[in-house]
Amino acid sequence: MTPRPTTVSQPDALAFAPLDKRALGFALGVVLALSIAALTTVSLFVDPQQHFPLVLLREYLVGYEVSARGAFIGSAWMLFIGFIWGWFLAFSRNVCLALWLISLHVRADVAASRVFLDHI
């Protein structure tokens with residue numbers, strides 16, 4: 001029976017480290033907020049009369065309109081929505097990774113004890 005290693009190498013520890021839920025949520029929220037602000041601003045400067053794709057966001061983001069004020073309101077909404085998405089994504093990844101590592105640990109324990117049980 002070979003002993004299991006008691007330490008984990010640095011790259012492995014980083015690969016299996018849990019994600020920070022608040023950091024990923026805030027990062028995704030900022031990216032989405034900047035994206036909606038940029039899209040609204042570009043839409044205002046390119047063709048102020050045609051707001052076809054962005055005007056539909058009024059149905060989902062309360063108070064949003066294709067204007068400077070709407071860019072600010074849309075950014076606030078997208079910061080909130082992006083934070084929720086990012087937090088849930090990190091949480092889901094952390095739970096799945098933990099369950100996977102637990103299953104690997106259990107399988108290794110069963111494999112190690114199988115040799116012992118064969119000799120009884």
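Since the model is a prediction, treat every value here as computed from it, not as a measurement. Just the heavy atoms: all of them, side chains too, but no hydrogens, waters or symmetry mates, feed the values below.
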J.: Should Phe72 and Tyr60 be regarded as members of a common hydrophobic cluster, given that ILVMFWY residues are connected when their side-chain heavy atoms come within less than 4.5 Å of each other, either directly or indirectly?
T.: no
J.: For the atom pair CG (Leu39) and CE (Met78), what is the distance rounded to the nearest 0.5 Å?
T.: 9.5 Å
J.: Treating Ile, Leu, Val, Met, Phe, Trp and Tyr as nodes and any side-chain heavy-atom pair under 4.5 angstrom as an edge, say whether Ile81 and Leu28 lie in one connected cluster.
T.: yes
J.: Rounded at 0.5 Å granularity, tell me how far CG in Leu97 sits from OG in Ser92.
T.: 12.0 Å
J.: Report whether Leu34 and Leu24 are members of the same hydrophobic cluster (ILVMFWY, side-chain heavy atoms less than 4.5 Å apart, transitive linking).
T.: no
J.: With side chains defined as the heavy atoms from C-beta onward, is the minimum distance between Phe83 and Val30 less than 4.5 Å?
T.: no
J.: Rounded to the nearest 0.5 Å, what's the gap from CG on Leu54 to CG on Leu44? Could you check?
T.: 9.0 Å
J.: Answer yes or no: is there a side-chain heavy-atom contact under 4.5 Å between Arg58 and Val66?
T.: no
J.: In this structure, are over 12 heavy atoms from other groups packed under 6.0 Å from Arg22 atom CZ?
T.: no
J.: Taking Ser75 for the side chain and Ala33 for the main chain, is one N or O donor matched with an acceptor at less than 3.5 Å?
T.: yes
J.: What orientation do Trp77 and Phe80 show, parallel under 30°, tilted 30 to 60°, or perpendicular over 60°?
T.: perpendicular
J.: Pick from Thr41, Leu57, Leu79, Val31: which one makes a side chain to side chain contact (heavy atoms under 4.5 Å, CB included) with Ile36?
T.: Leu57
J.: When you measure from the side chain of Ser103 to the backbone N and O of Trp100, does any donor-acceptor pair fall under 3.5 Å?
T.: yes
J.: Under a 4.5 Å cut-off applied to non-hydrogen side-chain atoms, are Leu89 and Leu19 in contact?
T.: no
